[in-house]
Colleague: 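Okay, here's the structure, questions in a sec.
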Amino acid sequence: MAPTSALLASTKDSEQAILDAIEHQFQLDNDALLKISGQFLEDFRLGLGQYNHPMAMIPTYVTGVPNGSETGTFLALDLGGTNLRVCEVQLQGNHEFTLRQQKYRVSEALKTGEATALFDYLADSVDAFLTDNASSPTNAPADPFASGSSLDFMDSGLNSAIPLGLTFSFPVEQTALNEGKILTWTKGFSAKNAVGHDVVGLLQDAFDRKHLHVRCVALVNDTVGALLSRAYSAGDCLLGAIFGTGTNGAYLEKVENITKLGNSAARKHGGHMVVNCEWGAFNNTRTTLPTTPFDNKLDRESINPRLQAFEKFISGMYLGEITRNILLSLVDAAPHPLLFNGRASRELNQHYGLDTAVMSEIEEAWEKGRGTASGADGVEGGSAINTLGASGSEPKVNGSQPHFTHVDELSHEDQSRLERIRSVIIQRLSMDAADVSLRDAAIVRWAASLVANRAAKLSGCAVAAIMAQTGFAKLGGQHVPEEQRFVIGVDGSLIEHYPNFNARLRESVRALIGEEVEKRIELGMAKDGSGVGAALGALQATKHGL
């Protein structure tokens with residue numbers, strides 16, 4: 001196994017051996033994928049049975065999903081970072097909805113001050129949104145459960161308050177659909193006197209102080225929102241998954257399997273409940289995940305070492321950093337560097353200086369002209385898998401096709417693609433053009449493909465594990481379900497924009513549970529899960545009289 005620094009490379013053969021050794025560390029055969037997916041099932045079982053496991057398997061108390069026929073008007077409040085978003089969602093039936101929204105900036109003082117000041121600001125933002133849109137024209141009836149505006153309803157003089165769903169993207173211990181204690185702040189927030197308190201209660205108190213006729217009836221996170229949003233647009237949904245800056249999934253589980261609910265009323269009622277997996281923390285012990293020295297370096301230098309292990313392998317926040325670690329090891333190879341004449345730029349030397357978006361640009365430059373296919377949602381299709389190969393669809397070749405570093409033997413078309421990649425490297429990494437050869441461009445493309453391909457395959461493990469957990473598939477295949485389709489709602493920059501990520505993910509799912517089940521899976525973008533999903537959470541709450 002090649003070390004990550006001071007690589008010894010003195011001959012052309014040894015240089016290629018080093019690259020091959022690094023590549024070997026990132027390869028995942030079907031046996032490895034099956035082992036990882038099997039560990040997912042074990043972690044699901046532990047999390048459903050007991051609290052305080054890394055794979056938290058949080059009951060959300062959402063016990064139904066929409067089918068697209070629902071109508072009504074709801075407010076949504078989305079707090080997940082620097083920006084706060086207030087939305088009015090009008091569900092129009094027939095899988096259609098309209099959305100009006102406004103963003104408000106959350107200052108550093110509000111993030112770190114008293115919780116009452118922060119939640120008062122949230123209430124003020126909702127008030128400002130309602131006021132600013134009060135003159136919006138509408139001919140719809142003044143009924144919060146019809147397709148008119150909530151503003152009409154607020155002005156109608158009725159006593160009932162406007163239902164609102166809250167997307168709160170911070171760790172909470174949810175104990176009801178409209179109740180959840182804040183466990184800790186993240187993302188630069190540290191508001192005082194909030195941890196340990198019910199976030200819905202804090203928000204409702206602020207509404208009441210402002211005399212707003214608004215009632216927070218549902219608390220959801222973005223994965224639950226993705227599931228609900230996709231269910232509304234597609235008529236059904238089994239799993240909502242985020243593959244972007246971070247990653248997580250929420251799915252429909254039989255309540256009888258959530259044994260940690262004990263003899264609670266929720267469990268006695270039976271049926272199904274949406275469970276928030278928090279799968280970013282899968283296998284924090286790294287006993288099953290295919291760790292490399294490049295991953296270990298990333299984890300050691302992160303703000304949360306030994307935590308969120310799975311997320312660090314597959315999410316957009318980290319893929320660029322893993323790639324940067326690979327490239328730097330090649331720059332620093334001795335006695336002869338393997339990349340960029342042994343030189344590095346400020347971006348390449350900076351922690352997280354190589355953004356995953358640069359990797360996406362590099363792959364897009366390579367794929368341009370090869371032809372892609374995507375469905376209406378931009379996800380369902382996918383171009384051919386071509387991760388490491390010089391010109392064909394096979395990954396890495398021996399014999400008839402040249403090694404990917406033998407750029408003089410590549411076709412004119414592939415050399416032109418490498419020229420485009422070279423331009424991306426020079427511009428986005430601020431490299432001196434004299435230090436970037438076509439061979440360097442080929443190596444950077446290779447490294448980016450290694451990291452992205454592994455991320456997509458591991459993402460497929462999570463999806464396949466959910467299919468097995470719900471009884472619709474078996475790991476290893478040999479199971480043909482009666483259902484004709486399985487709807488999965490996805491969101492995030494990787495699944496939406498990264499070239500071939502979806503195709504690679506599906507290849508992994510196919511290898512794990514068989515083509516017969518995989519081909520029935522409908523992957524589609526969940527439209528605005530944090531906004532529309534929160535409104536649909538409010539819809540579920542009103543059905544339960546909350």
Side-chain angles (χ1 to χ4, degrees), residues 26-30 32-41 43-44 55 222-223 226-227 230 238-251 276-283 286 288-291 295 308-320 322-323 356 359-360 363 377-383 385 387 448-469 473 475 486-513 517-518 521-526 529:
F26 281 84
Q27 298 306 304
L28 289 170
D29 60 22
N30 289 349
L33 295 176
L34 283 168
K35 182 179 179 181
I36 293 166
S37 298
Q39 187 62 52
F40 258 107
L41 293 178
D43 285 12
F44 287 163
M55 186 89 84
D222 52 0
T223 51
L227 187 152
R230 188 60 187 170
L238 175 66
L239 167 67
I242 307 297
F243 299 108
T245 304
T247 186
N248 192 16
Y251 74 104
N276 167 21
C277 298
E278 293 292 343
W279 70 34
F282 166 68
N283 198 222
R286 295 175 180 246
T288 306
L289 287 170
T291 300
D295 300 296
Q308 295 298 104
F310 189 61
E311 188 164 75
K312 289 172 181 172
F313 279 82
I314 74 169
S315 72
M317 181 174 179
Y318 300 106
L319 300 188
I322 300 171
T323 303
T356 303
M359 296 171 59
S360 183
E363 294 229 34
D377 289 321
V379 171
E380 197 55 53
S383 59
I385 307 298
T387 58
S449 293
L450 281 179
V451 175
N453 187 43
R454 186 186 67 170
K457 285 190 172 184
L458 290 174
S459 299
C461 289
V463 173
I466 292 293
M467 295 298 298
Q469 172 67 23
L475 295 182
F486 303 99
V487 178
I488 294 177
V490 294
D491 197 6
S493 54
L494 283 176
I495 194 71
E496 184 174 9
H497 299 300
Y498 200 100
N500 288 327
F501 190 89
N502 171 57
R504 294 165 177 168
L505 183 155
R506 294 195 75 113
E507 180 189 44
S508 175
V509 173
R510 187 162 54 251
L512 286 164
I513 59 176
V517 181
E518 182 273 331
I521 293 175
E522 296 181 9
L523 280 179
M525 293 302 298

Colleague: For G460 and V509, which heavy atoms make the closest approach, and how far apart are they?
Modeller: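 Result for this residue pair: O-CG2, 3.6 Å.
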Colleague: Give the minimum heavy-atom separation between R504 and A456, together with the two atoms involved.
Modeller: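 That would be CB-CB, 3.4 Å.
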Colleague: Are I521 and M467 packed together at the side-chain level, in the sense that at least one heavy-atom pair is separated by less than 4.5 angstrom?
Modeller: yes
Colleague: Rounded at 0.5 Å granularity, tell me how far CG in L34 sits from CD1 in I513.
Modeller: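 If we round to the nearest 0.5 Å, L34:CG and I513:CD1 are 11.0 Å apart.
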Colleague: Shortest non-hydrogen contact from N248 to E278?
Modeller: OD1-N, 2.8 Å
Colleague: Working to the nearest 0.5 Å, report the span between CD1 of I488 and CG of L227.
Modeller: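 Spacing of CD1 (I488) from CG (L227) equals 10.0 Å.
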Colleague: Measure from the side-chain N and O atoms of N283 to the backbone N and O of L289, and report whether any donor-acceptor pair falls under 3.5 Å.
Modeller: yes
Colleague: Between R506 (side chain) and E518 (backbone), is there a donor-acceptor pair under 3.5 Å?
Modeller: yes
Colleague: Provide the closest heavy-atom pair for P290 versus R454 in the form atom of the first, atom of the second, distance.
Modeller: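 Smallest heavy-atom distance, with atoms named: O-NH1, 3.4 Å.
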Colleague: Please confirm whether the backbone N or O of K457 pairs with a side-chain atom of S508, one donor and one acceptor, at under 3.5 Å?
Modeller: yes
Colleague: Below 4.5 Å, heavy atoms only, C-beta onward: do S493 and Y498 meet side chain to side chain?
Modeller: no
Colleague: Can you check whether A448's main-chain N or O pairs, donor with acceptor, with T323's side chain at less than 3.5 Å?
Modeller: no
Colleague: Taking the side chain as everything from C-beta on, heavy atoms only, tell me whether F310 gets closer than 4.5 Å to L458.
Modeller: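 F310 reaches L458 side chain to side chain.
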Colleague: Just how far is it from atom NZ of K35 to atom CG of L28, taken to the nearest 0.5 Å?
Modeller: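 Atom-to-atom, K35:NZ and L28:CG are 12.0 Å apart.
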Colleague: Looking at every heavy atom in both A452 and E363, which two are closest together, and how far apart are they?
Modeller: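 Between these two residues, the closest heavy atoms are CB-OE2, 3.7 Å.
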Colleague: I'd like to know whether I495 forms a side chain to side chain contact (heavy atoms under 4.5 Å, CB included) with S459, so could you lay out the CA-CA distance, the side-chain angles of the two residues, the decisive distance to 0.1 Å, and finally the verdict.
Modeller: CA-CA 10 Å; I495 194 71; S459 299; over 6 Å; no
Colleague: Side-chain contact, heavy-atom cut-off 4.5 Å: R286 with D295?
Modeller: yes
Colleague: Give, for atom CG of N30 and atom CG of L475, the distance between the pair rounded to the nearest 0.5 Å.
Modeller: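 One finds 12.0 Å between CG of N30 and CG of L475.
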Colleague: Between F40 and F44, how do the two ring planes meet: parallel, tilted or perpendicular, split at 30° and 60°?
Modeller: tilted
Colleague: Quick one: closest heavy-atom pair of S360 and H497, and the distance?
Modeller: OG-O, 3.9 Å
Colleague: As an exercise, state the distance from CG of L512 to OG of S37, rounded to the nearest 0.5 Å.
Modeller: 4.0 Å
Colleague: Quick one: does F486's side chain get under 4.5 Å of E522's, heavy atoms only?
Modeller: no
Colleague: Between E311 and Y318, is there a side-chain donor-acceptor contact under 3.5 Å, judged purely by atom types and distance?
Modeller: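 E311 and Y318 do not have a side-chain donor-acceptor pair below 3.5 Å.
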Colleague: Report yes or no: does T245 contribute a side-chain atom to a donor-acceptor pair with the main-chain N or O of M317 at less than 3.5 Å?
Modeller: no
Colleague: How long is the straight-line distance from CG of N276 back to OG1 of T223, given to the nearest 0.5 Å?
Modeller: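 Answer rounded to 0.5 Å: 4.5 Å.
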Colleague: F243 and N502: side chain to side chain contact (heavy atoms under 4.5 Å, CB included), yes or no, with the steps?
Modeller: CA-CA 10 Å; F243 299 108; N502 171 57; over 6 Å; no
Colleague: Applying side chain to side chain contact (heavy atoms under 4.5 Å, CB included), run through L319 and L494 and close with a yes or a no.
Modeller: CA-CA 10 Å; L319 300 188; L494 283 176; 4.1 Å; yes
Colleague: Is the centre of the F282 ring less than 6.0 Å from the centre of the F313 ring?
Modeller: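 Here the rings of F313 and F282 have centres that are no less than 6.0 Å from each other.
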Colleague: Check step by step if side chain to side chain contact (heavy atoms under 4.5 Å, CB included) holds for V487 and L238.
Modeller: CA-CA 6 Å; V487 178; L238 175 66; over 6 Å; no
